[in-house]
Amino acid sequence: MRKLLILTIAIVLPSLLCITPLDAKKPPRKKAYVHTVVEIPAVEPQVIAVQTANSSLVMQVDGKGVLRMCHYGALVQDPSQFLSYSDGYICDNDPGPLAYPSAGGMFTWRPALEVRYADGSCNTELYFTGCEVSGRKTVVHLKDYVTALTVDLVYEAFADEDVIVSHTEIYNGSKQAVTLTGFASSYMVLNAREYLLTHFHGWWAGEMQVDREMLGHDTKVLESRRGVQNTQINNPSFLVSLNTREWSETSGEVVAGALAWSGNWQIALEQPQTGLLNISAGMHPASSAYPLKAGESFITPDMIYTWSGNGAGQASRNLHRYARRHRLYGGSKVNPTLLNSWEGAYFSFKTKTLTDMIDDAADMGLEMFVLDDGWFGSDYPRNGDAAGLGDWEPNLKKIPEGIDYVASYAHSKGLKFGIWIEPEMANPESNLAKQHPEWLVQSPGRENYTRRNQWILDLSNPAVQDFVFGVFDNTMKLSPSIDYIKWDCNRLVMNFGSSYLGEEQERFYIDYIQGLYKVMRRIRERYPDVIVQCCSAGGARVDYGALQWFDEIWASDNSDAICRNYIQYGTSLIYPACIMGAHVSTVPNHQTGNITPLKFRFDVACSGRLGMELQPKTLSPDDRALADRCIRSYKSWRDLVFEGDLYRLASPYDGTHYALMYVSEDKSRAVVFAYCLKYITGLTASPVFKLDGLDPARRYRVTEQNVDASCWWGDGQVFSGEFLAAGGFNPRLNRPLTSAVFYLEAER
Ligand code: GLA
């Protein structure tokens with residue numbers, strides 16, 4: 001009755017009051033709005049499991065085609081038991097732990113995928129359309145149920161290494177372009193009481209510093225927006241220890257992840273009220289809304305995951321093994337020891353400086369000489385960092401005999417020869433920058449800021465890709481005796497802009513890195529055996545994307561052995577020692593001013609790929625003798641550093657010592673490194689290092705290297721693996737900057 005009255009007043013009152021509608025004309029009749037909903041075909045509920053030797057990643061498809069993640073953790077031999085598994089919180093405003101959530105539908109957390117369609121709408125809801133398994137690969141097909149956008153989730157299981165690598169392939173099957181505004185490589189859901197996150201921070205000369213924090217309810221975002229130099233201030237990798245507040249090398253569940261991408265990246269760890277931890281990882285979408293034309297696909301980089309039930313040590317070993325066997329360009333190939341000219345000569349050298357260094361390197365038993373920056377540029381000679389980058393012809397004023405002369409000289413002394421390039425860059429003071437301003441990364445009308453007096457070239461442009469490939473190719477042609485290239489990249493991107501990309505500027509960050517990878521692919525096709533080091537002002541490009549093309553990295557421009565403990569420890573959490581260039585330099589150290597004993601410097605550098613970076617003439621005869629000795633012993637067991645399993649025994653962050661060891665796969669040999677970083681009194685008992693990874697039943701002869709008088713009472717004797725693991729190994733290292741290296745060999 002009341003309703004009827006209101007209706008009558010609404011109809012009658014305006015005419016009684018003579019209200020004239022604003023638009024006196026009759027409004028056009030609107031079509032009745034009919035909301036039709038596309039029906040999703042019912043699917044057979046099923047379980048999809050990606051299995052490794054010790055871990056399972058289990059997803060579940062419900063009858064409506066919703067793909068949820070149920071489990072990433074310990075191996076479940078019969079994953080079909082997850083068919084009706086529930087996390088218990090699914091409701092009418094939360095679809096539960098989706099395996100690859102897109103923005104849209106009921107999902108209102110941080111999505112893995114975001115798409116803007118041609119009509120401006122931004123909703124995507126992915127439904128399961130099928131799954132294929134072949135060999136180690138599982139591909140899960142998903143489709144938006146309204147548009148023709150399809151998404152394939154590709155998982156690769158590396159059973160022996162307990163590693164699962166995933167990426168996503170997004171295909172625009174519609175007739176119109178779409179824009180991708182979020183495109184994670186992978187999405188992971190963990191379920192634990194609490195989460196201890198370990199990640200990295202740093203700066204030039206201080207990379208891979210370790211940060212640990214408990215994750216609260218909210219989102220922790222790790223990211224880089226620097227375009228290139230993507231790992232200078234952090235690293236696209238992390239470890240999460242589950243159900244604990246304590247870091248442990250040996251116990252508890254740990255999930256570690258690393259993204260294989262050298263550009264802008266983002267890893268978001270989101271813990272909503274559900275208590276689950278949602279991790280989306282991939283290229284950074286900032287300023288990178290990516291156009292996908294009709295019929296085009298977008299393939300994301302790989303995200304590498306491992307799960308360990310035995311603490312962080314096992315998680316690192318899994319990643320290392322996977323990297324050596326399946327990811328690194330050079331695998332665990334032993335790279336040569338070397339003398340690099342940089343800190344010993346910087347820009348000031350002539351031919352004789354170099355040939356003298358080569359003589360000294362050969363004398364000390366090193367295996368390669370690397371000519372660093374400063375050898376090129378004739379109109380704009382590279383005599384400092386303000387000129388010459390881009391002009392890659394040799395500077396004949398410095399080396400009138402030419403590069404081939406120096407390279408051949410190295411070969412004649414039994415050394416390999418390497419040379420430095422920085423092909424992605426140009427100094428304003430160079431012919432290149434003056435002749436090809438259109439090749440520079442710059443934004444119209446805006447300042448093109450220099451960094452280290454240089455600009456960056458636009459690798460999204462195929463012409464620049466050709467040029468950069470040409471720099472490598474032409475450098476190789478300078479001499480048939482070039483065995484090694486040190487590829488540097490000393491600045492980040494600022495005020496990005498590409499004259500090549502026209503109106504599609506937002507492609508820049510992604511196309512740049514894809515351009516770099518294209519160049520590297522060409523290089524590898526032509527020069528499969530050249531050793532290529534990835535340097536970026538030290539360790540600013542250390543990721544598993546780059547490492548598919550490069551043989552090793554320069555971990556940091558900081559060669560101070562004290563600081564190196566922290567940098568190398570951090571690096572070891574994710575990356576294997578075989579890639580880690582570690583050099584002995586002079587004292588006072590050029591970066592920090594610290595004075596450390598030569599023995600300490602060698603012991604630190606010997607836990608990676610050993611090199612030297614100083615003027616050998618400054619070494620006293622005693623120092624030379626020690627250098628000879630350390631290099632000789634290193635060469636006798638370095639295969640353990642390159643191929644062995646790493647066990648960290650003490651962290652430089654947690655006490656007075658840093659200690660680590662590498663053990664051969666068959667557990668017959670090992671090498672142990674221990675360093676004292678802080679003073680402990682003469683009254684304090686010797687530190688105990690519980691050796692790990694040995695066979696408890698076997699007996700090992702333990703011999704200290706590079707000393708006449710050992711710091712351990714048991715030196716030269718034979719002990720069981722059990723004894724050494726139980727706490728019998730306690731070298732007397734109680735003074736700062738003392739260190740020791742022990743070689744262990746099992747008795748036959
Ligand atoms: C960067 C590298 C150094 C050295 C210099 C040369 O800083 O990290 O190792 O090659 O460039 O300019």
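Remember, it's 1-based here, ligands and their atoms both numbered in the order they're listed. Bear in mind the structure is a predicted one, so any value in this text is a computation, not a measurement.
Shown are Y517, Y544, Y512; of these, the ring pair (Phe, Tyr, Trp, His ring centres under 6.0 Å) with W261 is made only by Y517. For the side chain to side chain contact (heavy atoms under 4.5 Å, CB included) test with F469, the passing option among R521, R526, K518 is R526; the others fail.
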Pairs under 3.5 angstrom, nitrogen or oxygen on both sides, ligand 1 versus protein: list them out, please.
from: ligand 1; atom 1: 7 (O); to: N490; atom 2: OD1; distance (Å): 3.4
from: ligand 1; atom 1: 7 (O); to: D557; atom 2: OD2; distance (Å): 2.8
from: ligand 1; atom 1: 8 (O); to: G538; atom 2: N; distance (Å): 3.0
from: ligand 1; atom 1: 8 (O); to: D557; atom 2: OD1; distance (Å): 2.5
from: ligand 1; atom 1: 8 (O); to: D557; atom 2: OD2; distance (Å): 3.0
from: ligand 1; atom 1: 9 (O); to: K486; atom 2: NZ; distance (Å): 2.7
from: ligand 1; atom 1: 9 (O); to: W554; atom 2: NE1; distance (Å): 3.4
from: ligand 1; atom 1: 9 (O); to: D557; atom 2: OD1; distance (Å): 3.2
from: ligand 1; atom 1: 10 (O); to: D372; atom 2: OD1; distance (Å): 2.6
from: ligand 1; atom 1: 10 (O); to: D372; atom 2: OD2; distance (Å): 3.3
from: ligand 1; atom 1: 10 (O); to: W420; atom 2: NE1; distance (Å): 3.0
from: ligand 1; atom 1: 10 (O); to: K486; atom 2: NZ; distance (Å): 3.1
from: ligand 1; atom 1: 10 (O); to: D488; atom 2: OD2; distance (Å): 3.4
from: ligand 1; atom 1: 11 (O); to: D488; atom 2: OD2; distance (Å): 2.9
from: ligand 1; atom 1: 11 (O); to: N490; atom 2: ND2; distance (Å): 3.3
from: ligand 1; atom 1: 12 (O); to: D373; atom 2: OD2; distance (Å): 2.6
from: ligand 1; atom 1: 12 (O); to: R452; atom 2: NH1; distance (Å): 3.0
from: ligand 1; atom 1: 12 (O); to: R452; atom 2: NH2; distance (Å): 3.0

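A donor-acceptor pair is defined here as one N or O able to donate and one able to accept, closer than 3.5 Å; no such pair exists between the side chain of Q705 and the backbone of C630. A donor-acceptor contact shorter than 3.5 Å links the side chain of R524 to the backbone of Y527.
The two residues I513 and G227 come nearest to each other via the heavy atoms CD1-O, 3.9 Å.
Side-chain atoms of N453 and N427 include no donor-acceptor pair closer than 3.5 Å.
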